[in-house]
Amino acid sequence: MPETPPPAAVLFDMDGTLVDTEHLWWEAAAELADELRHPLTEADAPEVLGRAIEHTAAHLHRVSGTTLSAAELADRLGDSFAGKVAAETVPRPGALALLAELRDARVPTALVSASPRRVVDMVLGTIGRDWFAVTLAAEDTPRTKPAPDPYLAAAARLGLDPATCVAVEDTPTGVASASAAGCAVLAVPSTGTAIPNGSRITLLDSLEHADLDLLGRLTAVPGV
């Protein structure tokens, strides 16, 4: 049988997907929430995991009734998260090996993050900028995840149809964004939050089990 053609590109989420920072984001949000006397629970997870800083800040402002503005909360969240990332950035298992395989096969990659540019650049300074042809941060599109804008923008910058690309994500928010953009999705959950099923969503427990052949099969469907 002929080999499965590779995807046109692979578009990677950052926090919790390529680097083990999703727990740092939760810690930053939880610490601020504790100060606001609103301890985070699983009920808050959809407003925190995979979300932009401004979204989570607005949520904390709303549920805590604090006199601090949402903008002030966003500033504090951003500073706290950036400090944690600066102190601890660890690649997820299998992430760098997969990036190397894609580079060797000359499959273009993009980094598509809902984190602010300063955090994205911090992570890139650790894992390397040269892996990616395109990098997108929260400020780079009018709307960020779960809207499709970031993945649509990444595909457009690469000159590709999103349907020919695979997005790699770890949260329901990110999966919703990539799916809405028309990408095939490889979901590798980094938390206990369930990922919804979908016709072009494939679940995997670790990037250690992902390779070029698997990614190619995700886009090898009729009509794509």
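We number each residue from 1, following the sequence as shown.
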For this session: Go through the steps to decide whether Ile53 and Val119 satisfy the test side chain to side chain contact (heavy atoms under 4.5 Å, CB included), and finish with yes or no.
Result: CA-CA 11 Å; Ile53 285 172; Val119 173; 5.6 Å; no

For this session: Would you check, one step at a time, whether the test side chain to side chain contact (heavy atoms under 4.5 Å, CB included) holds for Val188 with His209?
Result: CA-CA 10 Å; Val188 186; His209 304 138; over 6 Å; no

Exercise. If you draw a 6.0 Å radius around CG in Asp104, do more than 12 non-hydrogen atoms from other residues or ligands fall strictly inside?
Worked result: yes

Exercise. Looking only at heavy atoms, what is the nearest atom pair of Val175 and Ala187, with distance?
Worked result: CG2-CB, 4.0 Å

Problem set entry | Passing candidate, side-chain hydrogen bond (donor to acceptor under 3.5 Å, both in side chains) with Lys145, options Thr173, Thr171, Asp13 | Asp13

Exercise. Are Leu36 and Trp26 in one and the same hydrophobic cluster, where Ile, Leu, Val, Met, Phe, Trp and Tyr link if side-chain heavy atoms are under 4.5 Å apart?
Worked result: yes

For this session: Step by step, work out the side chain to side chain contact (heavy atoms under 4.5 Å, CB included) result for Lys84 and Glu31.
Result: CA-CA 12 Å; Lys84 291 177 183 296; Glu31 288 168 4; 3.0 Å; yes

Exercise. Got a donor-acceptor contact below 3.5 angstrom from the Arg200 side chain to the Gly182 backbone?
Worked result: yes

For this session: For the pair Thr89 (side chain) and Val85 (backbone), establish whether a donor and an acceptor sit closer than 3.5 Å, ignoring hydrogens and angles.
Result: yes

For this session: Would you name the heavy atoms of Tyr151 and Gly174 that are closest together and state the gap between them?
Result: CE1-O, 4.1 Å

For this session: Using atom types as modelled and distance alone, determine if a side-chain donor or acceptor of Ser179 lies under 3.5 Å from a backbone N or O of Ala176.
Result: no

For this session: Measure the shortest side-chain to side-chain distance between Leu18 and Leu99 over non-hydrogen atoms and say whether it is less than 4.5 angstrom.
Result: yes

Exercise. To the nearest 0.5 Å, what is the distance between CZ (Arg217) and CG (Leu186)?
Worked result: 11.0 Å

Exercise. Between CD of Glu101 and CG of Leu96, what distance do you get to the nearest 0.5 Å?
Worked result: 13.0 Å

Problem set entry | Salt-bridge present (Glu22, Arg92; N to O < 4.0 Å) | no

Exercise. What pair of heavy atoms forms the shortest contact from Gly16 to Thr21, and how long is it?
Worked result: N-OG1, 3.8 Å

Problem set entry | Spatial distance of atom CZ (Arg51) from atom NE2 (His59) [nearest 0.5 Å] | 10.0 Å

Problem set entry | Heavy atoms from other residues, nucleotides or ligands near CG of Asp130 exceed 12 (cutoff 6.0 Å) | no

For this session: Would you mind reporting whether Phe81 and Thr56 have side-chain heavy atoms less than 4.5 Å apart?
Result: no

Problem set entry | Minimum-distance pair of heavy atoms, taken over all atoms of Cys183 and Ala167 | CB-CB, 4.1 Å

Exercise. Could you give the distance from CG (Asp121) to CZ (Arg129), rounded to the nearest 0.5 Å?
Worked result: 4.5 Å

Problem set entry | Phe12 with Leu24, same ILVMFWY side-chain cluster at under 4.5 Å | yes

For this session: Using the rule that two of Ile, Leu, Val, Met, Phe, Trp, Tyr join whenever any of their side-chain heavy atoms come within less than 4.5 Å, decide whether Leu49 and Leu40 are in one cluster.
Result: yes

Exercise. Between Pro196 and Pro172, what is the shortest heavy-atom contact and its length?
Worked result: CD-CB, 4.2 Å

Problem set entry | CD on Glu27 to OG on Ser80, rounded to 0.5 Å | 8.5 Å

For this session: Indicate yes or no: at least one non-hydrogen side-chain atom of Leu111 is less than 4.5 angstrom from one of Leu11.
Result: no

For this session: Go through the side-chain N and O atoms of Arg117 and Thr135 and say whether any donor and acceptor fall under 3.5 Å apart.
Result: yes

Problem set entry | Main-chain N/O of Pro116 paired to Glu139 side chain as donor or acceptor, under 3.5 Å | no

Problem set entry | Any side-chain heavy-atom pair of Leu68 and Arg76 under 4.5 Å | yes

Exercise. How about Val107 and Pro6: do any of their side-chain heavy atoms sit closer than 4.5 Å?
Worked result: yes

Exercise. Looking only at atom types and distance, does a side-chain atom of Thr109 sit under 3.5 Å from a main-chain N or O of Val10, one as donor and one as acceptor?
Worked result: no

Exercise. Does Gly216 offer a backbone N or O that forms a donor-acceptor pair with the side chain of Thr219 under 3.5 Å?
Worked result: yes

Exercise. Do Leu124 and Leu102 sit in the same hydrophobic cluster, where Ile, Leu, Val, Met, Phe, Trp and Tyr count as joined when their side-chain heavy atoms come under 4.5 Å apart?
Worked result: yes

For this session: With side chain to side chain contact (heavy atoms under 4.5 Å, CB included) as the test, would you mind laying out the steps for Trp25 and Asp15 before giving the verdict?
Result: CA-CA 8 Å; Trp25 169 235; Asp15 297 303; 6.0 Å; no

For this session: Could you tell me whether the side chain of Asp75 and the main chain of Glu72 form a donor-acceptor pair under 3.5 Å?
Result: no

For this session: State, yes or no, whether a side-chain contact exists between Asp44 and His38 at a heavy-atom distance under 4.5 Å.
Result: yes

Exercise. Going only through I, L, V, M, F, W and Y residues with side-chain contacts under 4.5 Å, is there a path from Met122 to Leu136?
Worked result: no

Exercise. Would you call Arg118 and Asp79 a salt bridge, using N to O less than 4.0 angstrom?
Worked result: yes

Seminar exercise, completed: Interatomic distance, CZ@Arg143 vs CG@Leu152, rounded to 0.5 Å, equals 9.0 Å

Problem set entry | Note, Leu207 side chain near Pro93 side chain (heavy atom, < 4.5 Å) | no

Exercise. For Asp149 and Thr141, does a side-chain donor sit closer than 3.5 Å to a side-chain acceptor?
Worked result: no

Exercise. Hey, does Leu98 have a side-chain heavy atom less than 4.5 Å from the side chain of Leu215?
Worked result: yes

For this session: Quick one: closest heavy-atom pair of Thr144 and Ala52, and the distance?
Result: CG2-CB, 3.5 Å

